[in-house]
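Notes follow once the structure below has been shown.
Numbering of residues begins at 1 and proceeds along the displayed sequence.
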Amino acid sequence: MATKTGENRDFSYHVRLLSQSARDTSSSSDAAQEIAVLDSIKQLHAMCEGQIDLVGTINIPMSKLFQRCTASVSQYRSSTCLLMLAILQFYLDFGEYVLHDTDPSLNIFLKSCLSRLYADRTVASATLDFLNHNRRKLLILHPTLLPQYFPLLLKIIAWHGSVMAEAFLQIFPALMGPSSFLPLFPALLDLPTLVLALEDLERRSGSLLSENVSIVQKSPAPEALLALMDEAYTGSSTPDQDADSGDEVSASKDEADALFAHLLRDENDGLVERHWTFSGMAAAVEAVMGPTQSERLKQSIDLMPKFLRLYFGVAIRDVNDSLLCALLPTLFFRIDAMFPDKQFSSEAQKACLEFMLAAFQRSPQLISIVKKPIIDKIGQPYTSSAKAELALQLCWAIGEYGGGGSSQKAAARELFECLELLLYENLSSRGARRMGDIPRVLSDGNLLERASRARLLCAVVTAITKLATCHKEFGPRAHVCLTKVARSHQVLDKVVWRHARDYLGLMHEPVICSSILGPSNEIDDRPGTIRWADADSKAVTHIPFYLLQGKEGPPFHDFSLSDLFGHA
């Protein structure tokens, strides 16, 4: 009985303190008072867990206290944000008993409080803990909340770095939704650039704390989505509106400022214009970065690949083909438009290419859907190693998955003609110069190393043979292509014409050719077809010996027949 009386006395005390704080606006400037009220809210929360009837008693003063907190926007401190989080937790747990909709309150907290104090470590840590603790409830009851505010939450990890990495990784998958999937990809690639934007803002404003750094952005027109989908299907690209800028230095500064302003927004505003279409963006970002990297910037460079791989992992597992189709053209574009750091770009490009191949493996028909952007990227001048590697991987994917599958005849024909043209262009450019000259032209006079050229041409030769294996009608044209390459051993790298000669011989054995070079996602049940999955238990002896000659030592390039035999 005495214990019950003590509990009632404690409950009454905490309710009085809560009601007094809700009425007394002067307490809004008293951090110590807010801390005391925070403790009372936690005590009341624990009491309500054991006795639900108490929820109705404290609902009104709790609601008034939250309103008082939101009214003192200009005086926000970490204690105010912690107080609001405690009230939000109360309503997430008990709001159904008093018919309280927490969605407006959650939006108010993110827009009014976190947007001003994300640079405060205490507030940032408490917010991530709150989101992780309530992740399941938020996904069920408020599925659009976190995808809407992913730019604001990215500021937390950009500013606080590895200290918040573990908590951020836990909440990260919840940031991905139908509305945020596409814009989240470039935002992740721009994470180091966001750090530069925040550091630049701190230099200009003196401090990020208690400053309303929300940047009002013009919402993109619905045509932005149409433009991206048009690119996916037709290969058209967004024009660079600043290509004719008069003053290059001024244009670079303006473009960098526009990119920073976009990254500093708090809410996801959907598809955005591509600031990286400006040719001098990398140089402008590098100029802002200066000769040395800050510790915060180094941490973001180390963390980004983890977030990007997690993003791609969720995409392959959960995202539908329509969104993947819309993402791929953006990925093709950004493969060579990244933060100017060698380590960063190398890790990001590797992750992007691995995802691209995984997406094609999951849904080979995507190759036929985005054939126009693929053809554009294969045929473009390879002005960087990233563009050349993208083209090589695309060529390999075309062959590996039969241009989208055996049913995609029209798309496969266009892709075959693209590969055929690329091969003939290189034959003519190599045949036009003397042996021993420095390797030069792949297209438009761009310099490439001999090894890179050989890797690409081997991938093209392999893709042509694989397409002809999947689509029998391409057989005669593929035979002509391979014959020309095999006869060009005086002007081509030895490994290229040797591959062509081997493939010619292999095509004379249709069943074996289909077994080795047929689409990996389709099963050929014809008699004599090799099932490589059974290679560990069944002997495979009917492979022509001429395919096995000269295979000693490491393979010269990534996609050689010796690799295939090794996997068998």
For the pair [X] and [Y], name the ring-plane relationship: parallel under 30°, tilted 30 to 60°, perpendicular over 60°.
X: Trp396; Y: Tyr401; result: perpendicular
X: His479; Y: His508; result: perpendicular
X: Phe172; Y: Phe307; result: parallel

Which is it for Leu154 and Phe168 under the side chain to side chain contact (heavy atoms under 4.5 Å, CB included) test, yes or no, and what are the steps along the way? CA-CA 9 Å; Leu154 282 178; Phe168 190 83; 3.7 Å; yes
Could you give the distance from [atom1] ([X]) to [atom2] ([Y]), rounded to the nearest 0.5 Å?
X: Phe474; Y: Arg413; atom1: CZ; atom2: CZ; value: 5.0 Å
X: Ile375; Y: Ile398; atom1: CD1; atom2: CD1; value: 7.5 Å
X: Phe150; Y: Glu267; atom1: CZ; atom2: CD; value: 11.0 Å
X: Ile171; Y: Leu138; atom1: CD1; atom2: CG; value: 7.0 Å

Please lay out, stage by stage, how Phe260 and Val288 fare under the test side chain to side chain contact (heavy atoms under 4.5 Å, CB included). CA-CA 11 Å; Phe260 286 0; Val288 175; 3.8 Å; yes
Polar side-chain atom of Thr465 near backbone of Val461 as donor-acceptor pair, under 3.5 Å: yes
Under 3.5 Å, side chain of Gln170 to main-chain N/O of Asn132, donor-acceptor pair present? no
If you count every heavy atom of other residues, nucleotides or ligands that lies below 6.0 Å from Lys387 atom NZ, does the total exceed 12? yes
Is the count of non-hydrogen atoms from other residues, nucleotides or ligands lying under 6.0 Å from Lys409 atom NZ greater than 12? yes
Give a yes or no on whether a salt bridge exists between Asp302 and Lys298, defined as a side-chain N under 4.0 angstrom from a carboxylate O. no
Run the salt-bridge test on Asp336 and Lys377 with the 4.0 Å N-O cut-off and return the result as yes or no. no
